[in-house]
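Note that the coordinates shown come from a computational prediction; the quantities given were computed from them, not determined experimentally.
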Amino acid sequence: MDIEFEEMDLPTVVVKDDAGRSLPCYIEHSLQLKEASYVVLMPVDTPVYLFAFDDEESEDPLIIEADEDIAALYPIAKAVLEEQNMVLHWSAFSLTVSGDVPDLEEEEEDYGYDPDDANGTSHEAFQLLAEFLHEDQEYAICAPLNPVLILARMVKGQPQVLEEDELERIQPLLEEFLAGQVIDMIEEDDEDDEDDFDEEE
């Protein structure tokens, strides 16, 4: 299989979900295969998730995923974030925020998942942006610390998010490419550090 990876100048495209919601994204990279052209996308705005605690003794929050549950909480979460000059959007595939979003950094206490939690989600760290109460239930609005990347196939200039079977086939190529990008960045940083050291001498 002939594979060609090329850097992009971060143009933007819009992906849509089955409900017609849209999500503006930067094109981070493109992957040209024989049968199709693929792109790695990163949302323009910051993805966020709603969490709830089962009870006061539970240390592991549960993610709110059902549309009807998000719809009930969305106006409250939006008002809470507006108090911090952030705007909540119900975008495709995820809620997102824009505005005065704080820099995302590691914290001593994060809203992470255990590998065997009720959602079946592997551990991932999130940063707390806001908390609120609704009907005696505590909720949290959090942003993932790791970048959210979306793999899509370009069809007539428009991105189409991959179905599960195509994603499983393309993902190993993507991971190989991104791993190579990280190695290149580390090597470039090492070279820059060496140059700075030589100049100091």
Is any side-chain heavy atom of [X] less than 4.5 Å from a side-chain heavy atom of [Y]?
X    : Y   : value
T12  : P24 : no
L151 : L41 : no
R21  : S91 : no
Y139 : I76 : no
L128 : F51 : no

Closest approach of [X] and [Y], non-hydrogen atoms and distance?
X    : Y    : value
C25  : P43  : SG-CA, 3.9 Å
Q127 : D103 : NE2-O, 3.3 Å
V101 : M86  : CA-SD, 3.8 Å
Y38  : E166 : OH-OE2, 2.6 Å
L73  : H134 : CD2-CD2, 3.6 Å

Just verifying a value: how many Å separate [X] [atom1] and [Y] [atom2], rounded to the nearest 0.5 Å?
X    : Y    : atom1 : atom2 : answer
L81  : F132 : CG    : CZ    : 8.5 Å
E131 : C142 : CD    : SG    : 8.0 Å
R169 : E163 : CZ    : CD    : 12.5 Å
L50  : L88  : CG    : CG    : 7.5 Å
I64  : I70  : CD1   : CD1   : 8.0 Å
F93  : S22  : CZ    : OG    : 10.5 Å

K78, NZ atom: more than 12 neighbouring heavy atoms under 6.0 Å
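Enclosed: over 12 neighbouring heavy atoms sit under 6.0 Å from NZ of K78.
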Please step through side-chain contact (heavy atoms from CB on, under 4.5 Å) for the pair I150 and L23, ending with a clear verdict.
CA-CA 11 Å; I150 299 170; L23 178 67; 3.7 Å; yes
Shared ILVMFWY cluster between [X] and [Y], side chains joined below 4.5 angstrom?
X    : Y    : result
L149 : L162 : yes
M42  : L167 : yes
L95  : V87  : no

Evaluate T96 against V48 for side-chain contact (heavy atoms from CB on, under 4.5 Å), listing each step before the verdict.
CA-CA 5 Å; T96 58; V48 294; 5.8 Å; no
Parallel, tilted or perpendicular: which fits the ring planes of Y49 and F126, with parallel below 30° and perpendicular above 60°?
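Aromatic pair Y49/F126 classed perpendicular.
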